[in-house]
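Everything below concerns the one structure shown next.
Numbered from 1 within each chain, the chains take letters A, B, ... in sequence-line order.
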Number of protein chains: 2
Amino acid sequence: MSSVQMPEIAPNFPSSAVQQAISIEAGRQCKGKLWSNLTEVCDLLHIPFNASMAGGELLFQHVQFKTGQRIHTSGQRFDSLCIVNSGFLKTVSIDECGNEQVLSFPMKGDLLGVESIYTKKYFSDTVALSDCNLILLPFKRLAALGHAHAEIENAIYEMLSRELVRKQMMVNMLGAPNAEARVAGFLVSLSERYSEIGYSKTMFTLRMTRNEIGSYLGLSLETVSRTLSALHEIGLISVDQRVIRIKELDLLKLLRRIPSSKSRTGRLKAGKSPSIIKWPQLVPGSLVN
Amino acid sequence: MSSVQMPEIAPNFPSSAVQQAISIEAGRQCKGKLWSNLTEVCDLLHIPFNASMAGGELLFQHVQFKTGQRIHTSGQRFDSLCIVNSGFLKTVSIDECGNEQVLSFPMKGDLLGVESIYTKKYFSDTVALSDCNLILLPFKRLAALGHAHAEIENAIYEMLSRELVRKQMMVNMLGAPNAEARVAGFLVSLSERYSEIGYSKTMFTLRMTRNEIGSYLGLSLETVSRTLSALHEIGLISVDQRVIRIKELDLLKLLRRIPSSKSRTGRLKAGKSPSIIKWPQLVPGSLVN
DNA sequence: CGCGCGTTTGAATCTAGTCAAGCTGGGTGG
DNA sequence: CCACCCAGCTTGACTAGATTCAAACGCGCG
């Protein structure tokens with residue numbers, strides 16, 4: 001890589017005060033990779049993209065954070081999306097009374113800051129739970145890239161949509177009636193995400209405290225602890241401090257959905273008419289493409 | 001209670017003539033169908049867009065649904081996003097056990113089906129809670145439009161991002177510790193959304209049952225009813241069946257965040273380092289733009 | 001070694017769920 | 001026109017489950 005490609009990155013925008021200078025040479029001295037190209041970025045996001053065609057030479061900067069450091073704070077001006085390249089984080093929202101609520105636990109391949117596209121400011125605080133390596137995706141640059149290449153544009157849409165799918169699934173989990181179901185759901189989703197990024201799906205270490213899990217799930221830390229102990233007791237998992245071993249993944253998945261007895265909300269009626277899918281009076285061809 | 005409101009739109013259609021030509025504010029007639037152009041669509045979404053430049057002649061079809069009808073079902077192939085032009089709906093997810101959970105209550109200006117861009121299938125069921133008028137946005141057509149015009153492309157990004165912001169705020173509400181806070185938050189958000197689309201922010205009719213509210217908030221229908229009664233008792237609101245009058249909006253907003261006593265999760269520590277915002281090792285200008 | 005943090009576990013309290021009964025209002029059919 | 005029905009809503013009593021307060025433990029770290 002040469003520094004020739006870099007200037008494109010540096011536009012004439014008023015730079016915000018938080019940034020510190022470091023030369024590219026100094027960057028090279030640091031451990032790990034400092035730049036990624038588009039192919040690597042798409043790989044990370046599991047987005048199919050044929051890199052040979054476009055943008056192969058474009059580079060995106062990495063940034064390093066150490067445990068406990070704050071990546072960005074709510075209200076800060078929005079510049080860049082971030083992709084987690086390695087490490088574990090949490091995002092929290094802090095209301096006017098100082099109450100904190102954990103909103104997500106991003107890990108490798110996750111995207112940070114998507115809500116900020118609309119609000120123009122970062123919408124939550126993001127904190128590193130471990131040493132982290134993030135890739136910056138300056139949004140305007142990304143959008144420009146998308147505008148030039150339809151594949152990339154589509155990839156961006158899918159990226160954003162996927163974030164929504166994940167939030168949706170989180171809402172599902174939070175809607176669970178009891179602590180057991182929520183914790184089970186939490187463990188299952190962790191298991192799936194770990195396995196997606198190459199870790200074991202049956203044994204992993206929690207990167208967050210019980211307090212943070214509780215905040216995320218809308219439970220007290222004691223309830224989280226008790227529920228984990230209970231699941232251990234039953235034999236579905238084994239818990240040793242932060243180390244979780246899942247023994248009965250299928251049962252755990254079942255637990256996530258079946259509360260104790262009957263359906264939580266009873267049966268919600270669809271309304272008067274039967275559940276027949278009707279698209280009334282569509283003009284032929286108006287839907288397709 | 002006589003059903004109030006719906007002053008402007010009032011879609012009281014004869015059951016047979018669904019597509020009868022009724023002059024709905026945003027919509028023109030063509031071959032007996034209703035259509036909207038891009039300007040009207042952007043207006044509806046509150047997205048700034050100078051229509052004179054592009055796509056002014058493109059038309060998007062309206063579809064009508066009657067109370068109880070199902071707009072689409074989970075798993076169905078994804079074709080189109082929908083914008084709510086008038087009416088009220090709910091989206092629900094149904095798990096393998098048949099449990100239903102209400103995920104959202106879309107109303108005028110809301111966008112349906114965003115998660116489906118990623119999954120390629122509709123991700124939840126959508127049901128009309130009242131007679132509805134929706135505008136179809138065939139996604140591929142929309143994307144093509146965006147690709148041709150950067151402003152539209154950007155509008156799409158903002159649209160998607162905004163959906164995420166809303167989901168985020170819903171997660172916040174669901175994370176509330178007690179029923180009071182959740183119901184208060186629900187009422188406040190309804191109030192804000194109603195006022196955004198031109199209704200009174202202090203008096204409105206609930207379009208959904210207590211059961212549906214409970215499903216949405218993760219509470220039983222009895223708890224919803226009791227909480228509403230309690231808020232009525234205190235004098236913060238008045239409840240008469242489905243008609244809500246908000247008397248102390250500020251107090252309600254306060255209630256939404258301050259539970260009973262202390263912060264729910266205690267104080268979540270940021271980690272070892274203080275909450276100073278640090279962006280280590282940034283190349284100057286790499287963040288901006 | 002002691003300190004602090006995170007965790008576990010127990011006991012008391014209280015919130016919200018469950019079950020059940022009664023009420024209301026809109027719609028239907030005699 | 002009225003009686004009836006039914007879905008939705010309210011309210012009460014009881015109970016299960018979660019929070020709160022409190023104490024004690026393990027572990028890493030200065």
Which of the following nucleotides, dT8(C), dC9(D), dA18(D), is nearest to the side chain of Gln241(B)? dC9(D)
Rounded to whole Å, how long is the line connecting atom CZ of Arg182(A) with atom C1' of dG17(D)? 12 Å
Sequence neighbours excluded, the answer for salt bridge (Lys or Arg N to Asp or Glu O under 4.0 Å) partners of Glu115(A) is none
Greater than 12 external heavy atoms within 6.0 Å of Arg242(A)'s CZ: yes
Under 4.0 Å: is that the gap between some side-chain N or O of Arg242(A) and OP1 or OP2 of dT7(C)? yes
Between the two end axes of the helix from dC1(C)-dG30(D) to dG30(C)-dC1(D), each built from 5 base pairs, what angle do you get to the nearest 10°? 30°
When rounded to whole Å, the CD to P distance for the pair Glu212(B) and dA7(D) reads 14 Å
Distance check needed: dA7(D) C1' versus Glu222(B) CD, whole Å only. 14 Å
Which pairs with one or both residues in residues 183-194 of chain B pass salt bridge (charged side-chain N to carboxylate O under 4.0 Å, His left out), sequence neighbours excluded? Asp110(B)-Arg193(B)
Gap between atoms CZ and C1', on Arg210(A) and dC27(D) respectively (whole Å): 14 Å
Rounding to a whole Å, what distance do you find between Leu174(A):CG and dA18(D):C1'? 16 Å
Is any side-chain N or O of Thr223(B) closer than 4.0 Å to OP1 or OP2 of dA16(C)? no
Atom NZ of Lys167(B) with >12 non-hydrogen neighbours under 6.0 angstrom: yes
Show which side-chain atoms of residues 227-235 of chain B pair as donor or acceptor with protein atoms under 3.5 Å away, not counting sequence neighbours.
from	atom 1	to	atom 2	distance (Å)
Thr227(B)	OG1	Thr223(B)	O	2.6
Ser229(B)	OG	Ser225(B)	O	3.0
His232(B)	ND1	Val239(B)	N	2.8

Rounded to whole Å, how long is the line connecting atom CG of Leu219(A) with atom P of dT20(D)? 11 Å
OP1, OP2 of dT8(C) versus side-chain N and O of Ser225(A): anything below 4.0 Å? yes
Listed by chain and number, what are the side-chain contact (heavy atoms from CB on, under 4.5 Å) partners of Ser124(A), not counting sequence neighbours? Thr91(A), Leu103(A)
Starting at CG of Leu221(A) and ending at P of dA18(D), how long is that distance when rounded to a whole Å? 14 Å
Could you work out, with side-chain contact (heavy atoms from CB on, under 4.5 Å) as the rule, every residue matching Leu249(B), not counting sequence neighbours? Val188(B), Ser191(B), Lys201(B), Ile246(B), Lys253(B)
Between N or O atoms, less than 3.5 Å apart, protein on one side and nucleotides 11-15 of chain C on the other: list the pairs.
from	atom 1	to	atom 2	distance (Å)
dA11(C)	N6	Arg226(A)	NH2	3.3

Going by the rule ring-ring contact (aromatic ring centres under 6.0 Å, His included), which residues pair with Tyr194(A) if we only count those two or more places apart in sequence or in a different chain? Phe88(A), Tyr199(A), Phe204(A)
Check side chain to side chain donor-acceptor pair (under 3.5 Å) between Ser200(A) and all other residues, then give those that pass, not counting sequence neighbours. Thr202(A)
What is the distance, to the nearest angstrom, from the CG atom on Asn211(B) to the C1' atom on dC6(D)? 15 Å
